[in-house]
Amino acid sequence: SAQAPPVTLSSLCKPRQLYISFSDVGWENWIIAPQGYMANYCLGECPFPLTAELNSTNHAILQTMVHSLDPEGTPQPCCVPVRLSPISILYYDNSDNVVLRHYEDMVVDECGC
Amino acid sequence: LSLQESLQESLLLKSLGLSTKPSPKTHAPVPSVLWRIFQRRKTLPALSKDLGDACRVEEFNVPGNIIRVFADQGHFIHHGQPPRLLCLQKRLYFNLSVLEEGERLTMAQLEIKFSHNSYPSPSPSQGQGLELRLYRSSRLPLRGTPAPERGQKLLVERSFVQLHKSLVFDLSGVAKDWRTHSRNLGLILEIAWSGGDGASALGSGGCTSISSFLDTSLLVVTLSQQQCGASRRRRR
């Protein structure tokens, strides 16, 4: 562990901001609202020992231990979304009907290992 | 878009349950009921959003994650003067073919809108008033037939003394039947003047109050098995 760089707070597993703009992907002609939304994503390290803030599973705790003993053989646990929330999109369909559609799991609220 | 980008776009659209990128020809106004539901959901705090159920429409208390409002594509059956005592006769048609195969219809609600509450109100004591009848078409009318075949199935018959800005009817059963068993041949809407003779129908009150008829629309709620079935499995 002496060689590993010190883990800083900002490098720990947590949500990072990611704004999706529908006009950037050329969808502004058929999406009425929203024009975009904050989807976020997870990024960061899951170092040993895992602290409670890192929303880790028991398996992740085990894996960090093994990683600390055998860094080449076993990777760190992944940093993934553990709580997501839905969004609603209003759009026109091909028959010019107005459609309101709810999509689950579209916004990353919390990350974990 | 490059070939790769268009492939990525089609995959993304598919994950959103859309087979192709919509290309609307007109931009109709957003029905107020949809805008209200959209705004309410948008302003929910994040935590209750997670607890809320994107696969249920709380406003109507039915399962569903897609709400569409279909504009009526029908036509008035009479140009000019409808038959005696009949103020309005209209064929209604809502094209439900846009619903994807994997969508389960859970609710359909017909709304008949008038531009305002019309007055003077007929006198119920004399048994005068407006009657509304809604038929389900089970046969296409022969070209030129002035009136719907009486064999149509009567769905709703009610009288109302005072016109309301909008009338709402639950047509979930009919819409489900259109999707599963029989062809969607539309509906026939009749509004008639009851009580009193033809002259009074055309006099003050009577049919003139129907002039404020605006339009009809069908609000349909469906549940996408792809989006609501899969995520449920994953969570479990």
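Sequence lines set the chain letters: A, B, ... in the order given, protein chains first and strands last, and positions in each chain run from 1.
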Begin from the C-alpha positions of D96(A) and K25(B) and carry the test side chain to side chain contact (heavy atoms under 4.5 Å, CB included) through to its verdict. CA-CA 7 Å; D96(A) 299 342; K25(B) 293 169 274 312; 3.8 Å; yes
Look up atom CD1 in I89(A) and atom CG in L18(B), then write down how far apart they are to the nearest 0.5 Å. 8.5 Å
Counting C-beta onward and ignoring hydrogens, is there a side-chain heavy-atom pair between W27(A) and L12(B) closer than 4.5 Å? yes
Where does Y37(A) contact chain B at under 4.5 Å (heavy atoms): side chain, backbone, both or neither? neither
Heavy-atom distance under 4.5 Å between the side chains of I66(B) and L100(A), does that happen here? no
Identify the two heavy atoms, one from R41(B) and one from S88(A), that lie closest to each other, and give their separation to 0.1 Å. CD-OG, 3.6 Å
With side chains defined as the heavy atoms from C-beta onward, is the minimum distance between E104(A) and Q227(B) less than 4.5 Å? no
Side chain to side chain, F70(B) and S95(A), heavy atoms closer than 4.5 Å: no
V98(A) vs V69(B) side-chain heavy atoms within contact, under 4.5 Å: no
Correct closest heavy-atom pair for P22(B) and Y92(A) would be CB-O, 3.1 Å
How about Q39(B): does its CD atom have over 12 heavy atoms from other parts shown lying under 6.0 Å from it? yes
Which heavy atom of W30(A) sits nearest to which heavy atom of L13(B), and what is that distance? CZ2-CD2, 3.7 Å
Minimal non-hydrogen separation, L16(B) against Y103(A), with atom names: O-OH, 2.7 Å
Side chain to side chain, D93(A) and R68(B), heavy atoms closer than 4.5 Å: yes
Would a 4.5 Å heavy-atom cut-off, applied to side chains only, mark R101(A) and S224(B) as touching? yes
Validation row: I87(A), K42(B) side chains within 4.5 angstrom (heavy atoms): no
For D70(A), is the CG atom crowded, meaning more than 12 foreign heavy atoms sit under 6.0 Å from it? yes
Under 3.5 Å, is there a donor-acceptor pair linking the side chains of N94(A) and T20(B)? yes
